[in-house]
There are 2 protein chains.
Amino acid sequence: MEYAGRGDPARTMALLWDGLPAPRRGPRQRLELSRVVDAAIAQADRAGPAALSMRALAQELGVGTASLYTYVPGKAELLELMVERVAGTLPPPDASRGWRAGLREVAAGDLAAYRAHPWLLQVSTSRTVFGPNVLARYEATLALLDGHGLAPAHIVGCVAAVESYTRGAASAVVEAERAPDATGSSDEEWWEGRVPFLEERMDGRYPLFAALEEAGAFAVSDTALPYTVQRALDRFDFGLDLVLDAVAARMTS
Amino acid sequence: MEYAGRGDPARTMALLWDGLPAPRRGPRQRLELSRVVDAAIAQADRAGPAALSMRALAQELGVGTASLYTYVPGKAELLELMVERVAGTLPPPDASRGWRAGLREVAAGDLAAYRAHPWLLQVSTSRTVFGPNVLARYEATLALLDGHGLAPAHIVGCVAAVESYTRGAASAVVEAERAPDATGSSDEEWWEGRVPFLEERMDGRYPLFAALEEAGAFAVSDTALPYTVQRALDRFDFGLDLVLDAVAARMTS
DNA sequence: TGAAAACATCGTACGGTGTTCGGAGTATTT
DNA sequence: AAATACTCCGAACACCGTACGATGTTTTCA
């Protein structure tokens with residue numbers, strides 16, 4: 001897990017809100033901060049979350065490794081800038097079609113962002129990135145639930161629940177998506193490599209999901225396993241409806 | 001994200017179910033596999049998820065680094081063994097007090113495991129660790145929802161939703177818990193370092209959460225920010241109730 | 001106009017990572 | 001006694017983030 005919020009707050013907040021001040025003396029900077037951030041996002045998207053390296057980033061930008069540190073205090077701050085930039089690309093929630101459609105849009109946007117930028121899942125949420133885009137999105141999301149009889153603390157709780165669910169379920173989607181590349185074996189290869197051993201072990205000692213199979217002609221390998229991307233996406237929607245139903249119930253009661 | 005399921009399936013499944021066969025020739029092994037796994041868990045718990053290093057592990061066990069590779073094919077397989085072992089320490093869900101209490105126990109157990117072993121959050125769930133303990137727990141969880149009129153696919157979906165929510169919300173708890181150590185600043189320091197800049201920025205251009213504050217005397221810093229451990233725990237319970245309510249609604253409808 | 005100050009650039013080095021290789025030593029089998 | 005199969009492990013490889021200090025460039029001011 002990468003943690004944001006490690007460096008000097010003043011410097012970080014200034015970078016987030018104002019960008020990098022032009023040097024008053026000395027040679028001009030050969031890069032722009034936004035180019036650094038964009039290249040970092042592109043590289044992290046392509047190479048996987050852990051594979052963003054200052055060396056490779058510098059090489060792609062045609063610059064020495066150490067030069068990056070004149071733009072950004074360190075990798076943690078660079079990550080904050082990346083988060084803030086991605087937040088700016090997400091469509092703001094639209095309250096005009098009701099809170100439920102709005103919340104669904106927020107979750108869909110988050111899922112899309114997680115899929116496009118899996119490294120987002122590695123950035124801690126407990127030390128919020130206080131950039132303008134991030135804050136605006138959070139504020140607009142809270143506003144969706146305003147005026148429906150929910151206490152403020154419950155508004156925050158419901159939004160947090162949706163966000164937690166989204167993050168967990170998006171994790172499953174992204175992991176399923178990345179697994180073939182990350183492990184070097186497709187879903188089928190992985191599954192078929194393990195089935196014979198599972199069947200061997202199940203024989204007598206571990207009747208896998210026996211209770212359920214008896215109850216309802218429940219074929220494990222058809223419904224529960226293996227985890228594929230499509231299955232993870234279906235579950236995302238199913239669970240999101242579940243959570244939104246629960247929010248609706250909190251309003252009326 | 002660390003991915004399980006990378007190595008030779010036969011070898012991995014054998015390790016998970018049978019452990020390490022004693023060498024038929026040559027010198028006796030100076031360690032036992034379970035000792036290696038336990039030490040790895042202890043070290044990962046102590047030093048943080050990313051800080052489990054084969055070198056340090058070997059040193060703690062009083063063994064050369066390369067020797068570890070005679071016990072375990074690599075770090076990925078070691079992680080699988082760690083997951084399986086932790087799964088064995090969790091209390092199995094108890095169906096006797098109803099599905100809701102059972103599911104709540106599962107979530108509470110998962111949360112406890114995530115807090116005690118934060119590295120669990122870094123292990124991908126899409127390539128399930130097919131060990132006896134992991135499978136037994138999953139099976140027992142599914143069984144909780146059996147016989148309440150839910151279609152098999154919906155049972156799987158509900159369990160997946162609870163697990164996704166639990167993972168996401170537990171992430172928030174663990175991140176909040178680890179943040180002070182990981183960043184070197186307490187929640188208060190972090191928050192107070194940023195407040196002045198937020199107030200400066202809010203002045204006019206960004207009325208932070210203005211809509212909500214008008215609506216209900218909603219003090220942002222009291223209810224929504226900063227994220228502390230206690231707040232994350234409260235939210236965990238609130239959201240879990242939300243999700244369980246939704247599961248209950250699916251049963252009756 | 002010349003010197004000083006402020007700045008960007010970047011080669012190098014430090015201490016860390018997971019894993020591989022090959023040699024040395026040891027216990028069992030033939 | 002010899003062959004075999006195994007454990008053990010020092011050293012090396014190719015990486016990582018980042019601190020340091022030398023060098024060169026631009027602006028400012030006396």
Side-chain angles (χ1 to χ4, degrees), chain A residues 1-4 6-8 11 19-33 35-36 40 43-44 47-82 119 122-123 182-184, chain B residues 1-4 6-8 11 19-33 35-36 40 43-44 47-82 119 122-123 182-184:
Chain A
M1 183 62 55
E2 312 274 358
Y3 275 87
R6 282 209 276 118
D8 173 27
R11 174 104 190 256
L20 198 64
R24 314 175 68 79
R25 298 189 196 184
R28 281 209 200 87
Q29 292 179 302
R30 294 170 42 182
L31 264 36
E32 283 183 16
L33 181 58
R35 278 214 12 184
V36 175
Q43 182 175 315
L52 168 61
S53 97
M54 301 298 268
R55 264 174 251 263
L57 179 57
Q59 187 166 6
E60 180 161 317
L61 290 166
V63 132
T65 308
S67 306
L68 288 180
Y69 289 83
T70 61
Y71 294 87
V72 152
K75 200 181 179 181
E77 289 82 357
L78 177 55
L79 272 166
E80 294 205 42
L81 292 172
M82 292 161 69
W119 45 268
Q122 312 278 21
V123 182
T183 67
Chain B
M1 183 61 56
E2 312 274 356
Y3 275 87
R6 283 210 276 115
D8 174 26
R11 174 106 189 251
L20 198 62
R24 313 175 68 80
R25 298 191 196 183
R28 281 209 200 88
Q29 293 181 301
R30 296 169 40 182
L31 264 36
E32 282 182 19
L33 182 58
R35 279 213 14 189
V36 175
Q43 182 175 315
L52 167 61
S53 98
M54 300 299 268
R55 263 175 252 265
L57 178 58
Q59 187 166 6
E60 180 161 317
L61 290 166
V63 132
T65 309
S67 306
L68 288 181
Y69 289 83
T70 63
Y71 294 86
V72 152
K75 199 181 179 182
E77 289 83 357
L78 177 56
L79 272 167
E80 294 206 42
L81 292 172
M82 292 161 69
W119 45 268
Q122 312 279 20
V123 181
T183 67

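Chain identifiers are assigned alphabetically (A, B, ...) following the order of the sequence lines, protein sequences preceding nucleic acid strands; residue numbering begins at 1 within each chain. Everything numeric in this text was worked out from a predicted model, so none of it was measured.
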In this structure, how many angstroms lie between the [atom2] atom of [N] and the [atom1] atom of [X], rounded?
X: Arg28(B); N: dA27(C); atom1: CZ; atom2: C1'; answer: 9 Å
X: Leu33(B); N: dT7(D); atom1: CG; atom2: P; answer: 12 Å
X: Leu68(A); N: dT9(C); atom1: CG; atom2: P; answer: 9 Å
X: Leu31(A); N: dC7(C); atom1: CG; atom2: P; answer: 19 Å
X: Leu61(A); N: dC10(C); atom1: CG; atom2: P; answer: 11 Å
X: Gln59(A); N: dG11(C); atom1: CD; atom2: C1'; answer: 15 Å
X: Tyr69(B); N: dT19(C); atom1: OH; atom2: P; answer: 4 Å
X: Arg25(B); N: dA2(D); atom1: CZ; atom2: P; answer: 17 Å

Between [N] and [X], is there an OP1 or OP2 to side-chain N/O distance shorter than 4.0 Å?
X: Arg30(A); N: dC10(C); value: yes
X: Thr65(A); N: dC10(C); value: no
X: Tyr71(B); N: dT7(D); value: no
X: Ser67(A); N: dA8(C); value: no

Which nucleotide in dT19(C), dC16(D), dT7(D) has an atom nearest any side-chain atom of Pro23(B): dT7(D)
Selected nucleotide, minimal atom distance to Lys75(A) side chain, candidates dT18(D), dA8(C), dG18(C): dT18(D)
Minimal non-hydrogen separation, Tyr71(A) against Leu33(A), with atom names: O-CD1, 3.9 Å
Closest-nucleotide 5' rank along DNA chain C - winner of Pro73(B) and Arg24(B): Pro73(B)
5′-ward residue of the pair Ala66(B)/Gln29(B) relative to DNA chain D: Gln29(B)
Closest-nucleotide ordering on DNA chain D, the 5'-leading residue of Pro27(B) and Gly62(B): Pro27(B)
Touch class at under 4.0 angstrom, heavy-atom based, for Arg55(B) against every strand present: base
Sugar-phosphate only, base, or nothing, as touched by Gly26(B) at under 4.0 Å among non-hydrogen atoms: base
Lys75(A) side chain vs Ser53(A) backbone, donor-acceptor pair below 3.5 Å: no
Val123(B) vs Glu80(B) side-chain heavy atoms within contact, under 4.5 Å: no
Trace of the side chain to side chain contact (heavy atoms under 4.5 Å, CB included) decision for Asp8(A) with Glu77(A): CA-CA 9 Å; Asp8(A) 173 27; Glu77(A) 289 82 357; over 6 Å; no
Could you pull out all donor-acceptor pairs under 3.5 Å where a side-chain atom in residues 55-63 of chain A meets a protein atom, sequence neighbours excluded?
none

